[in-house]
Amino acid sequence: MMFKSLRIGSLSLKNNLIAAPLAGLSSLPYRMLAMEMGCALAISEMVSAEGVTRAQEKTRRYFANDASVRPFGLQIFGAKPKAIADAIRALDGESMDLIDINMGCPVKKVVSKGAGAALLRTPKLAAEAITAARAATRLPLTVKIRTGWDAGSINCVEIARIAENCGADAVAVHGRTKAQLYSGNADWSHIASVKAAVSIPVIGNGDVRTREDALRMLSETGCDGVMVGRAAIGNPWIFRQILDPAYPGPTRMERGEQAARHLDMLCSFMGERRGVPVMRQVLPWYGKGIHGVRRFLQQANRTSRASELKESISLFFAS
């Protein structure tokens, strides 16, 4: 059986299927749905280290969690080792089970500050950041990276070795470069190279959309775990489908019921004003492949009221 328990430092996971951090989407409701469908660990959207140390309320909502959603991993990004360490110490006592350092985000506003994937270009600074984080917590510590800055500077093996030597308990590798953003295909051969180079667990990420993809990644790379990202947006059932080959997937009605529930959860968690726009981002995935979805989305995008959006959801998915 390729889907088995996974140990990351002191944390024992029930299986080796993980929900990736997704900027703007991996709030508590998303993580709750993913965990209900069987994933063993759900990681928050990335949190600014400096935002944490300034105790910004906006930052705190990123790592709000519920006792029922455990284990919980929190992802931090930053360019200054001291800020990362200070943030981790400031989070002591929060309901989390793992800290992840983001060294893979390709977004301009993050890399322009020297954080995210920019740390792939500064291995010495990356080492200092991981070392500082390790000294700041006893929790399991992981690092999420990409294969390199671009095709001419693939250095994921070097960074993974640095992570291991500096005390990280696992490394997650997205099989794309920073330059690729989310385009093209993930190159899993680099995940295999990292697995061969380090003794800590390696988690593969990139282009896992089905059970067959997950099995193939485990087989081809030898990685210890699989991280599912964009394929889980509006499709929490993917975790159940990967784990259970007999599960046929949700019906149209079930999609609608879950979408309506997701909307309720978002509005309860962050209020109607923020929850409705987030749900509108997710709806295309809930309705993917259903006839008439374009017209439904056009209508949905014109409303800012949760009650109206919920009614639209009910009508579309029931028809």
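I18 and V69 fall into different hydrophobic clusters, where Ile, Leu, Val, Met, Phe, Trp and Tyr are joined by side-chain heavy atoms under 4.5 Å apart, directly or via other members. By the criterion of side-chain heavy atoms lying less than 4.5 angstrom apart, applied directly or through intervening Ile, Leu, Val, Met, Phe, Trp or Tyr residues, I242 is not grouped with I43; the two fall into different hydrophobic clusters. Under the 4.5 Å side-chain heavy-atom criterion for grouping Ile, Leu, Val, Met, Phe, Trp and Tyr, V173 is not connected to L6 through any hydrophobic cluster. Both I76 and I162 belong to a common hydrophobic cluster when Ile, Leu, Val, Met, Phe, Trp and Tyr are linked at side-chain heavy-atom distances under 4.5 angstrom. By the criterion of side-chain heavy atoms lying less than 4.5 angstrom apart, applied directly or through intervening Ile, Leu, Val, Met, Phe, Trp or Tyr residues, L17 is grouped together with I191 in one hydrophobic cluster.
Crowding of R252 atom CZ: a count of heavy atoms from other residues, nucleotides or ligands under 6.0 Å exceeding 12. Sparse packing is recorded around CD of E311, with 12 or fewer heavy atoms of other residues, nucleotides or ligands lying under 6.0 Å away. For R161, the CZ atom is loosely surrounded, since the number of other residues' heavy atoms within 6.0 Å does not exceed 12.
Donor-acceptor pairing under 3.5 Å is lacking for the side chains of Y30 and H262. Side-chain contact check for E45 and S27: no donor-acceptor pair (N or O, by modelled atom type) lies under 3.5 Å. Between T177 and D150, the side chains place no donor N or O within less than 3.5 Å of an acceptor N or O (distance only, hydrogens not considered). Using modelled atom types and a 3.5 Å distance limit, the side chains of K144 and N205 yield a donor-acceptor pair.
Listed for the R295 side chain is no donor-acceptor partner under 3.5 Å among the backbone atoms of Q298. Checking side-chain atoms of T137 against main-chain N and O of A133 turns up no donor-acceptor pair under 3.5 Å. Using a distance-only test at 3.5 Å, with no hydrogens or angles considered, no donor-acceptor pair links the side chain of R31 to the main chain of L41. Side chain of R209 to backbone of A231: no donor-acceptor contact under 3.5 angstrom is found. Q75 contributes no side-chain N or O that, together with a main-chain N or O of P21, makes up a donor-acceptor pair within less than 3.5 Å. Remark: the backbone N or O of P201 is not paired with any side-chain donor or acceptor of R7 at under 3.5 angstrom. Proximity of a side-chain donor or acceptor of D187 to a complementary backbone N or O of R176 within less than 3.5 Å is not detected. Not a single donor-acceptor pair under 3.5 Å links the side chain of R240 to the backbone N or O of M37. In this structure, N155 contributes its side chain and E158 its backbone to no donor-acceptor pair below 3.5 Å. The backbone N or O of Q180 sits less than 3.5 Å from a side-chain atom of S183, completing a donor-acceptor pair.
Counting heavy atoms from C-beta outward, M217 and V208 have side chains that approach closer than 4.5 Å. Here the side chains of M46 and V110 are in contact, with some heavy-atom distance below 4.5 Å. Proximity of S312 to T303: side-chain heavy atoms (C-beta onward) are nowhere separated by under 4.5 Å. The shortest side-chain heavy-atom distance between V293 and P284 does not fall under the 4.5 Å cut-off. Between I290 and F317, the closest side-chain pair of non-hydrogen atoms falls below 4.5 Å. Between C156 and R146 there is no side-chain heavy-atom pair separated by less than 4.5 Å. Annotation: side chain of P81 is not in contact with side chain of T131 (no heavy-atom distance under 4.5 Å). Between H174 and T147 the shortest side-chain heavy-atom distance does not fall below 4.5 Å.
Here the closest heavy-atom approach between residue S26 and residue A20 is recorded as OG-O, 3.5 Å. For the pair P106 and Y182, the tightest heavy-atom approach, listed with the atom from each and the gap, is CD-OH, 3.8 Å. Heavy-atom minimum distance, I130 versus C166: CG2-CB, 3.6 Å. Minimum heavy-atom separation, D224 to L218: C-CD2, 4.4 Å. The two residues A118 and V111 come nearest to each other via the heavy atoms CB-O, 3.6 Å. Here the shortest heavy-atom pairing between A117 and W149 reads O-CE3, 3.8 Å.
The line from OG of S44 to CD1 of I99 is 8.5 Å long, rounded to the nearest 0.5 Å. Rounded to the nearest 0.5 angstrom, L283 CG and N301 CG are separated by 8.0 Å. Distance check: F77 CZ to D100 CG gives 13.0 Å after rounding to the nearest 0.5 Å. Atom CD1 in I233 sits 4.5 Å away from atom CH2 in W285 (nearest 0.5 Å). With rounding to the nearest 0.5 Å, the separation of CD in E257 from OG1 in T251 is 7.0 Å. From R70, atom CZ reaches atom CG of L98 across 11.5 Å, with rounding to the nearest 0.5 Å.
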Review point. Given the rule in the side chain to side chain contact (heavy atoms under 4.5 Å, CB included) test, do V171 and T142 qualify, once you have shown the distances and angles that lead to the verdict?
Key: CA-CA 5 Å; V171 60; T142 61; over 6 Å; no

Review point. What's the verdict on side chain to side chain contact (heavy atoms under 4.5 Å, CB included) for Q299 and L309, showing C-alpha distance, side-chain angles and the deciding distance?
Key: CA-CA 9 Å; Q299 179 182 357; L309 183 56; over 6 Å; no

Practice item. Take D213 and R211, measure what salt bridge (Lys or Arg N to Asp or Glu O under 4.0 Å) needs, and give me the verdict at the end. Key: CA-CA 5 Å; D213 291 337; R211 172 181 168 84; over 6 Å; no

Exercise for review: Show your working on salt bridge (Lys or Arg N to Asp or Glu O under 4.0 Å) between E36 and R261 and close with a plain yes or no.
Suggested key: CA-CA 13 Å; E36 285 178 1; R261 181 179 172 222; 2.7 Å; yes

Exercise for review: Apply side chain to side chain contact (heavy atoms under 4.5 Å, CB included) to the pair H190 and I154, showing each step before the final yes or no.
Suggested key: CA-CA 9 Å; H190 297 302; I154 302 294; 3.7 Å; yes

**Study point:** Worked check of salt bridge (Lys or Arg N to Asp or Glu O under 4.0 Å) between E50 and K80
**Key:** CA-CA 9 Å; E50 295 190 2; K80 300 176 181 178; 3.6 Å; yes

**Study point:** Derivation and outcome, side chain to side chain contact (heavy atoms under 4.5 Å, CB included), residues K4 and N15
**Key:** CA-CA 5 Å; K4 55 188 179 181; N15 61 53; over 6 Å; no

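By the ring-ring contact (aromatic ring centres under 6.0 Å, His included) test, F316 is found to be paired with F296, residues two or more places apart in sequence or in another chain being considered.
Within the structure, salt bridge (Lys or Arg N to Asp or Glu O under 4.0 Å) pairs that include any residue of residues 108-127 comprise K124-E128 (at least two apart or interchain).
For the side-chain contact (heavy atoms from CB on, under 4.5 Å) criterion with V276, the lone passing option out of E272, M279, R273 is E272.
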